[in-house]
Amino acid sequence: MWVIERFLSSVIQRGQSGLLRRSLRGSLPELELRYLQCTCCWRSRIPVAGFETLNASLSSEPCKDDDSSRPLDACYTSEQRAAILQLLNNGSPAELASIKLLRGRKSINIVEHRSKNGPFKSLESVVDVPLLKHKSAMVVFDSILNPVKKERKVRIQLARFIKPEVDRSWLEEASSLVSIVCGTNKIAWAHVDRQMMVLDWQQQECPNFLKGTYMASAYLNDVSAVASLLPPASFYLIEKSSISVQNTALFPVMAHMRTVEAMLFALLEPRITPPEPNIPPRVLNMMRTAVGRHFGLMVGESRTSGAQIVRQMMTESVTEKLPRVNFPQELLVRYRNYFQMGSRRGGDELCDALLQAVAFYELLCES
């Protein structure tokens, strides 16, 4: 007990700040009332009269000022609620994906929920959508009411994922492009115009890929067969994979991808002699990771399957007046079962080729 008295006496004599502070009035030490700031809202103050009341004053209950206890509809005016519900009930997946926190799976969940249960009638009903809770829903609502312009950021990204760098006017004047994705045993492509109409979408088996040594003649036969089937377009967009050279186990796959990529560049790029500076390159690279980030498919440095997004696009082509992508009826019939869970049809390359074309046009329009 005498140790505690001695400690308190030393604190008072030095005049140090703490929970106890010596008053300047009178000769006897008096304890002034101090306050603890609430870390939840930073407004409420909890008085601390002494050590014996400290624990009793602190509570684990949230502050009354916390908006999480209020209904979502009470946090916004009628005009704001109408604007939020208008976008959530009528916005396309692309428009929803442009909202903060809605890129990827959450925008898909919103479309699926309103298709199954009808339009949202209140803001509180939005929390029934998977992955959207009270706090994240408020961030989404605030982003709808106060959209953030990202023009500068998108322009920087456009130069990063398209190689070689091309004058923007050439890209904007392109009437259509062919998006090409190379796999370990096939090459897939999607021919898409500026109106997001899929003109052609198919893949070709390449039996000589990754068989024994890399025989140049065998590879050239397979790649030439594919190049002869590709439709004419303003640009050919070849996926640039992001395989690390430090992972030696994947070196054969990396060498395979680079070989096929180089042959496609050589076969598709027109030979102009002498070279003319005013003619843009016809074959471009697009980074695989950029497409993955655009659709919210990245988990760390790895990219997950976009089959579900493609299935959604195909469904919207039939059910929506203004779908994200327009598919001809014959392509919908041909590939309706290619992108189901557990399917063994091998539609990964087809899926990636289409997503690459869609990402290119959408990023170009956003910039």
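All of these numbers come straight from a predicted model, not from anything done at the bench. For the numbers below, each heavy atom of this structure counts, side chains included, while hydrogens, waters and symmetry mates do not.
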Looking only at heavy atoms, which two atoms of E269 and V283 are closest? And how far apart?
OE1-N, 3.1 Å
With side chains defined as the heavy atoms from C-beta onward, is the minimum distance between C206 and I187 less than 4.5 Å?
yes
Identify the heavy atoms of R194 and A174 that sit nearest to each other, and give their distance.
CD-O, 2.7 Å
Within the structure provided, determine whether M257 and V260 are in side-chain contact (heavy-atom separation under 4.5 Å).
no
For P164 and P281, work out which heavy atoms get closest and say how close.
CG-CG, 4.1 Å
S179 to A353 - nearest heavy-atom pair and separation
OG-O, 2.7 Å
For residues 218-236, which residue pairs qualify under side chain to side chain donor-acceptor pair (under 3.5 Å), counting only residues two or more places apart or in two chains?
S175-S234, N208-D222, Y219-H256
Quick check: closest heavy atoms across L177 and A357, and the distance to 0.1 Å?
CD1-CB, 4.0 Å
For Q356 and I180, which heavy atoms make the closest approach, and how far apart are they?
NE2-O, 3.5 Å
List in chain and number order the residues that pass salt bridge (Lys or Arg N to Asp or Glu O under 4.0 Å) with E112, two or more places apart in sequence or in another chain; answer none if no residue qualifies.
R105
Can you give me every donor-acceptor pair (side chain of residues 286-295, partner residue at least two apart or in another chain, under 3.5 Å) with its distance?
from : atom 1 : to   : atom 2 : distance (Å)
R288 : NH1    : E239 : OE2    : 2.9
R288 : NH1    : D352 : OD2    : 3.1
H294 : NE2    : E362 : OE1    : 2.6

Between V325 and M197, is there a side-chain heavy-atom distance shorter than 4.5 Å?
no
Would you check if the side chain of E95 reaches a backbone N or O of S92 as a donor-acceptor pair within less than 3.5 Å?
yes
Please list, chain by chain and in numerical order, all residues satisfying salt bridge (Lys or Arg N to Asp or Glu O under 4.0 Å) with E172, sequence neighbours excluded.
R168
Test ring-ring contact (aromatic ring centres under 6.0 Å, His included) applied to Y335 - qualifying residues, sequence neighbours left out:
W201, Y338
Taking the side chain as every heavy atom from C-beta outward, state whether L72 and V126 have any atom pair closer than 4.5 Å.
no
I'd like to check the side-chain contact (heavy atoms from CB on, under 4.5 Å) partners of N285; sequence neighbours left out, ordered by chain and number.
K163, I238, K240, E261, F265
